[in-house]
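For the single chain, residues carry numbers from 1 onward in sequence order. Note that this is a predicted model, so its numbers are computed, not measured.
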Amino acid sequence: VIWAERMSRPLDRVIELEEELALAIVNELAVQLQPGERERLSQYHASNSEAWLLYRQGLVTIMPPSDLGRVQAARQLFQRGTEVDPQFAGSYAGLSFTYSTRALFMSAEQPAIELAQAIALAEKAISLDAEFAGGYAMLALAHVVGRDGELALENAQTALAIQPGDAFSRFVVGMSMVIAGRSQEAIPHLEEALRLDPLEARMPYLNVAGIAYYATGDYSNALKTIEYNYEIGGPRGPHSDVFLAASHAQLGQMAAARGIAQSIQENYPGFPLKAWLSRWIPDDADRRQTVALLEQSGLDLAETRASTP
């Protein structure tokens, strides 16, 4: 145990409690805040504490989005938030996230329609509160999935301009860059997201950082980062396991790669691995080499589900 302290407040002061807790953790762990970040810890953009809690719970519940049950559960939490406080932008941003992730993980039956819904919901969040960075971050994510890198980066940068200390916005910038083939530029953003939010194990910062390291050829760091994510209870699924297997294979550790490949085949037989790799490794030669290594590890990369939009 690094730090422990009991705090109690009435339920109607839960937002105040969360602010106090965040500042206490920052102080006890000696996290170095940049100018303005301490003030931003108190910016919640919600007048209703239940709506804020539903939003935060939804962001954690959805991880990993490869689990459709989690996506549905998170959507219900965000929808409940819109009922509790129809003016809270976060609930609509969260709903946008559920539609984008279904398209990103290739589980949407009509991805173009779901992406349009994701964009509309993110735009609604922005219209309700133009100072809520999450609205722009979710709009950026929808454009990432829709392969509009320019609009994605524009909205992600707007989110950071509004709230530089928002870990999720920083993460979306990094993820956008990885998907756009700019992984070296992405790494500082992903590392900053981890610095800003080091205690939330369920967020996918480490997995995407591992993919970024893999894309730059730093297979040792990719392996360490994804394995560490698993050790601390972070999200796990075929989306990260495939890069774990590939990292082992790149390092010549074929026995380990085959073990993970077998696990993927047994536990996630319908996940479209080749389409997933095409999302994250845009360079054809690099992707072909990764696919060849994975097939040597025993993975069957034949597609069994609809491809990306």
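Across every non-hydrogen atom of Ala142 and Ala118, the tightest pair is CB-CB, 4.0 Å. For Ala159 against Ser169, the heavy-atom pair with the smallest separation is CB-OG, 3.5 Å. Heavy-atom minimum distance, Ser100 versus Val145: O-CG2, 3.8 Å. Residues Ala137 and Val172 share a closest heavy-atom pair of O-CG1, 3.6 Å. Arg70 and Met63 make their closest contact through CD-O, 3.1 Å (heavy atoms, listed as atom of the first residue, atom of the second, distance). Counting all heavy atoms, side chain and backbone alike, Ser240 lies closest to Pro235 at OG-O, 4.2 Å.
Hydrophobic clustering keeps Ile162 apart from Leu153 (ILVMFWY residues linked when any side-chain heavy atoms are closer than 4.5 Å, directly or through intermediates). A continuous path of hydrophobic side-chain contacts links Leu251 to Tyr230 [ILVMFWY only; heavy atoms under 4.5 Å]. Linking ILVMFWY side-chain heavy atoms closer than 4.5 Å, directly or via other members, places Leu244 and Tyr213 in two distinct hydrophobic clusters. A chain of hydrophobic side-chain contacts below 4.5 Å, direct or via other Ile, Leu, Val, Met, Phe, Trp or Tyr residues, connects Ile281 to Ile260. In the hydrophobic clustering of this structure, Val291 groups with Ile264; members are Ile, Leu, Val, Met, Phe, Trp, Tyr whose side-chain heavy atoms approach within less than 4.5 Å, directly or through other members.
In this structure, Phe168 CZ and Met203 CE are separated by 5.0 Å, a value rounded to the nearest 0.5 Å. The CD atom of Gln117 lies 8.5 Å from the OG1 atom of Thr98; values are rounded to the nearest 0.5 Å. Distance check, rounded to the nearest 0.5 Å: CD of Gln110 to CG of Leu115 gives 12.0 Å. Taking CE of Met175 as the reference point, atom CD1 of Ile211 lies at 9.5 Å (rounded to 0.5 Å). Distance NE2/His189 to CG/Leu160: 7.0 Å, rounded to 0.5 Å. Note that the OH atom of Tyr219 and the NE2 atom of His248 stand 14.5 Å from one another [nearest 0.5 Å].
Contact annotation: the side chain of Leu294 never approaches that of Leu273 to less than 4.5 Å [non-hydrogen atoms, C-beta and beyond]. Between Val242 and Phe271, every side-chain heavy-atom pair lies at or beyond the 4.5 Å cut-off. Leu206 places none of its side-chain heavy atoms less than 4.5 Å from the side chain of Ile226. When side chains are defined from C-beta on, Leu223 counts as touching Gln253, because their heavy atoms get closer than 4.5 Å. For the pair Arg236 and Pro64, the minimum side-chain heavy-atom distance is 4.5 Å or more. Contact check for Phe243 versus Trp280: side-chain heavy atoms found under the 4.5 Å cut-off.
Between Phe171 and Tyr205, the ring-plane angle classifies as tilted under the 30° and 60° cut-offs.
Counting heavy atoms of neighbouring residues, nucleotides and ligands inside a 6.0 Å radius, atom CD of Glu227 exceeds 12 of them. Applying the 6.0 Å contact sphere to CD of Gln262 captures no more than 12 heavy atoms from other residues, nucleotides or ligands.
Side chains of Asn221 and Thr225: no donor on one and acceptor on the other come within 3.5 Å. Judged by distance alone, the side chains of Asp85 and Tyr55 never bring a donor and an acceptor atom under 3.5 Å apart. With hydrogens and angles left out, the side-chain atoms of Ser247 and Gln250 include no donor and acceptor closer than 3.5 Å.
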Candidate pair Arg80 and Glu83, rule salt bridge (Lys or Arg N to Asp or Glu O under 4.0 Å), full reasoning: CA-CA 5 Å; Arg80 172 62 180 156; Glu83 297 164 3; 3.7 Å; yes

From CA spacing to verdict: side chain to side chain contact (heavy atoms under 4.5 Å, CB included), Tyr268, Asp241: CA-CA 10 Å; Tyr268 312 104; Asp241 274 357; 4.1 Å; yes

Audit row: Ser263, Glu266, side-chain hydrogen bond (donor to acceptor under 3.5 Å, both in side chains) steps and yes/no: CA-CA 5 Å; Ser263 175; Glu266 292 174 354; 5.8 Å; no

Chi angles and distances behind the side chain to side chain contact (heavy atoms under 4.5 Å, CB included) call for Met138, Tyr92: CA-CA 9 Å; Met138 298 308 185; Tyr92 300 96; over 6 Å; no

Test side chain to side chain contact (heavy atoms under 4.5 Å, CB included) applied to Leu77 and Thr61, step by step: CA-CA 9 Å; Leu77 291 168; Thr61 298; 3.6 Å; yes

Side chain to side chain contact (heavy atoms under 4.5 Å, CB included) between Leu139 and Ile119, intermediate numbers included: CA-CA 6 Å; Leu139 184 56; Ile119 290 170; 3.8 Å; yes

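Arg195 and Glu192 are joined by a salt bridge, as a carboxylate oxygen and a charged side-chain nitrogen come within less than 4.0 angstrom of each other.
Cation-pi geometry between Arg75 and Tyr99 is satisfied (NZ or CZ under 6.0 Å from the ring centre, within 45° of the ring normal).
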